[in-house]
Student: 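First the structure, which I've put down as structure tokens, then a few questions once you've had a look.
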Amino acid sequence: MQNMTALRLYFPQSARAKPTRFWHHLSAPALSHHLLKAARQAGIHQVIVHNVHAGYLPGKKLTHHHIESTPAHHPLCMELIDAEDRLRHFVKQHAQELRHVHAVLFQCELAL
């Protein structure tokens, strides 16, 4: 793959996807899990969900990950790697779910 692009999505770990099934109305799936599954189904080349040790999102307090308890607004970073047009198409397809997500697109250079 020649023109690799990385899309990073930043959102709170408590973010939930829109319910799509009856049982989701009782407990909606985590946005990270939903997007990971959707990216796999869309054929995105690579996806990684980074566990953040410490950080903050705009307008939120600085938080630190703790094994016993982590604040709901603690940030997560999901990184998708593929061709830029495929990533932009993925964002358009999931625009409703990504409306409160901070997204950053990076052009990548291959080291090999």
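We count residues from 1, following the sequence as given. Note that these values count all heavy atoms, side chains included, but never hydrogens, waters or copies made by symmetry.
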Student: Does V52 reach the side chain of H74, with side-chain heavy atoms less than 4.5 Å apart?
Tutor: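 Side chain of V52 against side chain of H74, heavy atoms only: contact under 4.5 Å found.
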Student: Starting at CG of L9, measure out to CZ of F90 and round the result to the nearest 0.5 Å.
Tutor: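 CZ of F90 is found 7.5 Å from CG of L9.
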Student: Are more than 12 heavy atoms from other residues, nucleotides or ligands located less than 6.0 Å from atom NE2 of H89?
Tutor: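 Incorrect, the count does not exceed 12.
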Student: What's the separation between atom CE in M78 and atom OG in S32, rounded to the nearest 0.5 Å?
Tutor: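 Reported to 0.5 Å precision, the distance equals 5.5 Å.
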Student: Closest heavy-atom contact between A39 and V47?
Tutor: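 Closest approach of A39 to V47, heavy atoms only: CB-CG2, 3.6 Å.
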Student: Using side-chain heavy atoms (C-beta onward) and a distance below 4.5 Å, is R8 in contact with F106?
Tutor: yes
Student: Please name the pair of heavy atoms, one in I44 and one in D82, separated by the smallest distance, quoted to 0.1 Å.
Tutor: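 Smallest interatomic distance, heavy atoms only, reads CA-OD2, 3.3 Å.
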Student: Over all heavy atoms of both residues, which pair between P12 and A72 is shortest? Give the atoms and the distance, please.
Tutor: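 Closest approach of P12 to A72, heavy atoms only: CB-O, 3.7 Å.
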Student: With rounding to the nearest 0.5 Å, note down the distance linking NZ in K92 to CG in L98.
Tutor: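 CG of L98 is found 13.5 Å from NZ of K92.
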Student: Does any non-hydrogen side-chain atom of M4 lie less than 4.5 Å from one of I81?
Tutor: yes
Student: Enter the distance from H50:NE2 to C77:SG here, rounded to the nearest 0.5 Å.
Tutor: 5.0 Å
Student: When rounded to the nearest 0.5 angstrom, what is the spacing between NE2 in H34 and CD in E97?
Tutor: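 These two atoms lie 3.5 Å from each other.
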Student: Does L57 belong to the same Ile/Leu/Val/Met/Phe/Trp/Tyr cluster as L35, with side-chain heavy atoms less than 4.5 Å apart forming each link?
Tutor: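 No: no chain of side-chain contacts under 4.5 Å links L57 to L35.
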Student: Between A6 and C108, what is the shortest heavy-atom contact and its length?
Tutor: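 Smallest heavy-atom distance, with atoms named: N-SG, 3.6 Å.
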Student: Can you measure from NE2 (H45) to CZ (R86) and round to the nearest 0.5 angstrom?
Tutor: 10.0 Å
Student: Does a side-chain heavy-atom distance below 4.5 Å link H102 with P58?
Tutor: yes
Student: Going hydrophobic residue to hydrophobic residue with side-chain gaps under 4.5 angstrom, can you get from L36 over to L31?
Tutor: yes
Student: Got more than 12 heavy atoms from elsewhere within 6.0 Å of OH, Y56?
Tutor: no
Student: Is any side-chain heavy atom of Y10 closer than 4.5 Å to a side-chain heavy atom of V104?
Tutor: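 SC-SC contact between Y10 and V104 confirmed.
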Student: So which of L7, L80, V91 actually passes side chain to side chain contact (heavy atoms under 4.5 Å, CB included) with L105?
Tutor: L7
Student: Does atom CZ (R40) have a neighbourhood of more than 12 heavy atoms from anything else shown, all under 6.0 Å?
Tutor: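 No, because the 6.0 Å sphere around CZ of R40 holds 12 heavy atoms or fewer from other groups.
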